[in-house]
Each structure stands twice: as structure tokens, then as C-alpha cells.
Protein chains: 2
Amino acid sequence: MNDGRTPGGQTLLFLTDEQLRKGIEAMFFAYRGFTADPDRILDEKGYGRAHHRAIHFISRSPGTTVNNLLSILGVTKQSLNRVLRTLVEDGLVESRVGTRDKRERHLFLTDVGEALERELSDAQRERMRVAYREAGPEAVQGFRAVLEAMMDPELRRLFNRLKDAGHE
Amino acid sequence: MNDGRTPGGQTLLFLTDEQLRKGIEAMFFAYRGFTADPDRILDEKGYGRAHHRAIHFISRSPGTTVNNLLSILGVTKQSLNRVLRTLVEDGLVESRVGTRDKRERHLFLTDVGEALERELSDAQRERMRVAYREAGPEAVQGFRAVLEAMMDPELRRLFNRLKDAGHE
DNA sequence: GATTTTATGTCAGTCTTGTTGACTTTCCAA
DNA sequence: TTGGAAAGTCAACAAGACTGACATAAAATC
């Protein structure tokens with residue numbers, strides 16, 4: 001494949017429609033792989049991807065509010081509420097009224113919720129780890145760079161804020 | 001960031017859970033961006049992602065059968081059928097009874113179908129092109145390598161068969 | 001103190017897209 | 001030639017998204 005370098009060393013991209021289409025299809029098929037393992041686990045327990053997403057981001061930012069979660073997930077509150085309600089009823093998520101602002105609900109995973117989060121994320125991380133290992137370290141950096149450049153600016157800011165919240 | 005090379009030059013991957021989680025979130029947010037532009041166009045015309053996927057792969061392999069499409073898309077035939085029916089009714093897809101095997105239906109885009117396909121894929125390719133340009137040529141190779149490694153083996157074979165079908 | 005805004009939750013109804021089950025037509029092989 | 005398998009269609013249902021209207025409580029503002 002063309003590596004995009006001219007003889008003079010200048011970096012150019014010769015991107016044919018064909019190459020771009022391959023990238024698009026790669027995203028499509030890879031995303032299927034990406035969700036396959038968690039989907040299997042969720043299905044056994046009667047949950048769906050919506051539950052996984054909620055669990056993931058609550059685990060990521062314990063104590064986050066409903067509104068916060070809404071802006072991350074990009075769904076309506078009615079849609080999120082349905083998911084949260086079942087998770088609270090099933091004892092996977094705890095919803096605590098805010099201390100400063102009593103209108104807010106702060107969301108936490110219970111021990112049971114943590115356990116499911118770990119099961120889901122173990123599976124997904126393992127898939128990621130294997131893919132990274134096969135592709136190699138430089139590939140991983142490229143992967144991350146392209147994905148970040150593909151995000152909508154607003155989501156990209158959100159993503160990087162999450163990134164800083166962790167301690168990379 | 002750690003580039004995974006030891007002083008001796010040996011390639012190792014130091015993948016913390018944190019780094020893997022970032023990759024997972026990057027996939028999540030990037031996929032939203034990836035589908036955002038086509039989703040907008042589809043919404044205007046009263047179609048959804050399922051229609052886009054069908055249109056994409058029919059355009060990619062004109063004359064493909066329903067069964068072929070099923071194995072690519074990974075849904076039930078009943079689900080695909082509903083989508084195909086509306087596309088045929090709306091005059092975007094033509095379904096021709098097979099000549100050798102009359103049980104088969106061979107699928108083709110009409111001119112109208114081609115036009116929508118172009119509109120959708122122009123938008124999606126543009127997003128891809130911008131992301132590739134921002135990330136740089138090496139990143140593009142890494143991106144593709146990781147995505148491919150993330151696919152289920154069966155889908156990966158399918159993906160590479162599509163790849164050969166085109167003339168890269 | 002009264003009013004408005006914000007955060008959350010809920011009910012009802014719709015849409016897309018997935019599912020399973022039952023059915024027809026066609027092909028092929030015993 | 002008949003019986004099973006394969007390709008496709010129709011019907012009914014479920015998950016999970018959506019909109020819109022409304023309720024409640026708390027905070028913020030006038």
C-alpha cells in the first residue's frame with residue numbers, strides 16, 4: 001500500500017475512494033467484533049447494550065449525575081431512565097440524592113453492578129488487548145489518532161475530559 | 001505515551017487497563033461520529049441505518065443475493081426483507097429472479113438508489129478523509145490493522161473477500 | 001415572597017430494527 | 001416422484017430509540 005510519502009519525504013495522502021471505502025467497511029465489521037463479547041454476556045442476563053453503556057460510564061465516573069450521563073450517551077432522558085430504573089430495581093446501580101443540590105441524583109455501582117461491569121469489561125478489554133498485540137504498538141497509536149479525529153468536536157472534548165479524569 | 005519499545009528495541013506492549021479502556025471509549029465515540037453524517041441524510045428521507053447498510057453492500061457487490069447479504073449484515077432474513085421491500089417499493093433497489101436458480105433474488109441499485117448511495121458515501125468518506133489527513137499516513141495503516149484484528153475471524157474473512165473484490 | 005428555571009421522573013404513543021414462527025416456491029437427491 | 005433443504009415472504013412481537021405532555025422538588029432570580 002502507498003504509505004503517503006513522496007520521494008522528497010513530504011507527507012501526502014493519496015486516498016482513493018476505494019481505500020476510504022475499505023476504512024468504512026473496516027469500521028463496520030470491527031464494531032461488530034467490538035460489541036460481540038459483551039452482547040453475549042448481556043443477553044444471558046437479560047440486558048442490552050444500553051445497560052452496558054450506562055454501567056460503563058457510571059463505573060468510569062462514580063457519582064455522576066443523570067444529566068451528565070445524558071450528555072455522554074446522547075440519548076433522551078426517557079430512554080436513559082428506562083435503563084436506569086431496571087438497573088436500580090435489580091440492585092446494580094444506586095441512585096443517591098445530591099447533598100449540595102438535592103435535585104440531582106448521583107449514580108453509583110453496587111457490588112453486584114461492579115461485578116457485572118468487570119465481567120463485561122474483562123471480555124471487551126481482552127478483545128482489545130489481543131487486537132493491539134497483533135497490530136503492534138505503532139498501530140495502536142495510529143488507531144487512537146484516527147478514532148479521535150473521527151469524533152464530532154463536542155464528543156471529542158467529552159472524550160478527552162474523561163481521559164483526564166483517569167490517570168493515564 | 002509509552003511506545004512499547006524497550007531500550008533493546010524489542011517490541012512489547014505495556015497495556016494498562018486504563019489504556020485499554022480509553023481504546024474502548026474511543027471506539028464508542030468515534031462510531032457515533034462515523035454514523036452521524038449518513039444518519040442525518042437518511043433521516044431526511046425517512047430511512048435508517050439498516051437501509052444504509054443494505055444500499056452500501058448492494059452497491060459494493062451488484063447482483064448479490066439476499067443470502068449473501070444476510071451473511072454480511074448478520075441479521076435475520078426477515079429483518080433484511082423488511083428493509084429490502086421498502087427499498088424496492090421506493091424504486092431504489094431492483095430485485096431480479098435468478099436465472100440458474102429461480103429461488104434466488106439478485107439485487108441491484110437503480111439510478112435513484114445509486115444517487116442516494118453516492119450522497120451517503122460522499123458524506124462518510126469525507127469524514128474519513130479528514131480524519132485520515134489529521135492523523136497522518138502511518139496512523140491510517142495502524143488504524144486499519146487494529147480494526148482488522150478486532151473482527152471475528154469469520155467476518156474478517158468476509159471483509160478480506162470484499163477487499164479483493166474491489167481493485168485496491 | 002413570588003416566579004422562573006433546572007434536574008429528574010413518568011405516562012403515552014410512535015418508529016426502527018431486531019427477533020421467532022409459519023408459510024410458499026423452488027431445487028435437488030434418494 | 002417424493003421428501004427434504006434452501007431462498008424468500010408474511011405476521012406478530014420485543015428492545016430501545018424517539019417526541020410530547022406533565023409532575024415534582026429544589027434552586028435561582030426577580
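Values reported hereafter were calculated over all heavy atoms of this structure, with side chains retained and with hydrogens, waters and symmetry mates removed. Note that the structure is a prediction, hence the values are computed from the model and not measured.
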Inset, instruction - Looking at every strand, decide which applies to A:G46 at a 4.0 Å heavy-atom threshold: base, sugar-phosphate, or nothing. - result: nothing

Inset, instruction - Have a look at A:H51 and say if it touches a base, only the backbone sugar-phosphate, or nothing, with a 4.0 Å heavy-atom cut-off. - result: sugar-phosphate

Could you tell me the separation between the [atom1] atom of [X] and the [atom2] atom of [N], rounded to a whole number of Å?
X	N	atom1	atom2	answer
A:E104	D:dA27	CD	C1'	10 Å
B:D39	D:dC18	CG	P	11 Å
B:N68	D:dA6	CG	C1'	14 Å
B:R49	D:dG16	CZ	P	15 Å
B:E89	D:dC10	CD	P	9 Å
B:N81	D:dA11	CG	C1'	12 Å
A:D43	D:dG16	CG	C1'	14 Å
A:L80	D:dA17	CG	P	9 Å

Inset, instruction - For A:K77 and for B:G98, find the nucleotide of DNA chain C with the closest heavy atom, then tell me which residue's nucleotide is more 5'. - result: A:K77

Inset, instruction - Take A:V75 and A:T99, find for each the nucleotide of DNA chain D with the closest heavy atom, and name the residue whose nucleotide sits nearer the 5' end. - result: A:V75

Inset, instruction - By nearest nucleotide on DNA chain D, pick out whichever of A:A50 and A:R100 is the more 5' one. - result: A:A50

Legend entry - Nearest non-hydrogen partners of B:A149 and B:R156, listed with the distance: CA-NH1, 3.7 Å

Looking at [X], I'd like to know whether one of its side-chain N or O atoms comes within less than 4.0 Å of OP1 or OP2 on [N].
X	N	result
A:R53	D:dG16	no
A:S79	D:dG16	no
A:T76	D:dC18	yes

Legend entry - Result of checking B:R32, B:H52, B:R49 against B:D39 for side chain to side chain donor-acceptor pair (under 3.5 Å): B:R49

Among [options], find the nucleotide with the atom closest to the side chain of [X].
X	options	result
B:Q78	C:dT6, D:dA7, C:dT19	C:dT19
B:R103	C:dT8, C:dT26, D:dC18	C:dT26
B:D101	C:dG18, C:dG9, C:dC27	C:dC27
B:N67	D:dG8, D:dG16, D:dT9	D:dG8
B:K102	C:dT26, C:dT8, D:dC18	C:dT26

Inset, instruction - Would you please test A:E18 and B:R60 for salt bridge (Lys or Arg N to Asp or Glu O under 4.0 Å) and show each step? - result: CA-CA 10 Å; A:E18 216 21 50; B:R60 199 77 155 107; 3.0 Å; yes

Legend entry - Any donor-acceptor N/O pair under 3.5 Å between C:dG9 base and A:R85 side chain: no

Legend entry - D:dA17 base / A:R82 side chain donor-acceptor hit below 3.5 Å: yes

Inset, instruction - State whether A:E126 and A:R129 are salt-bridged, where the test is any N-O pair (Lys NZ or Arg NE/NH1/NH2 against Asp/Glu carboxylate O) under 4.0 Å. - result: yes

Inset, instruction - Evaluate salt bridge (Lys or Arg N to Asp or Glu O under 4.0 Å) for B:D152 paired with A:R127, printing each intermediate quantity in order. - result: CA-CA 10 Å; B:D152 275 339; A:R127 160 97 54 166; 2.9 Å; yes

Inset, instruction - Taking atom types as modelled, find out whether A:N67 and A:E104 have a side-chain donor-acceptor pair closer than 3.5 angstrom. - result: no

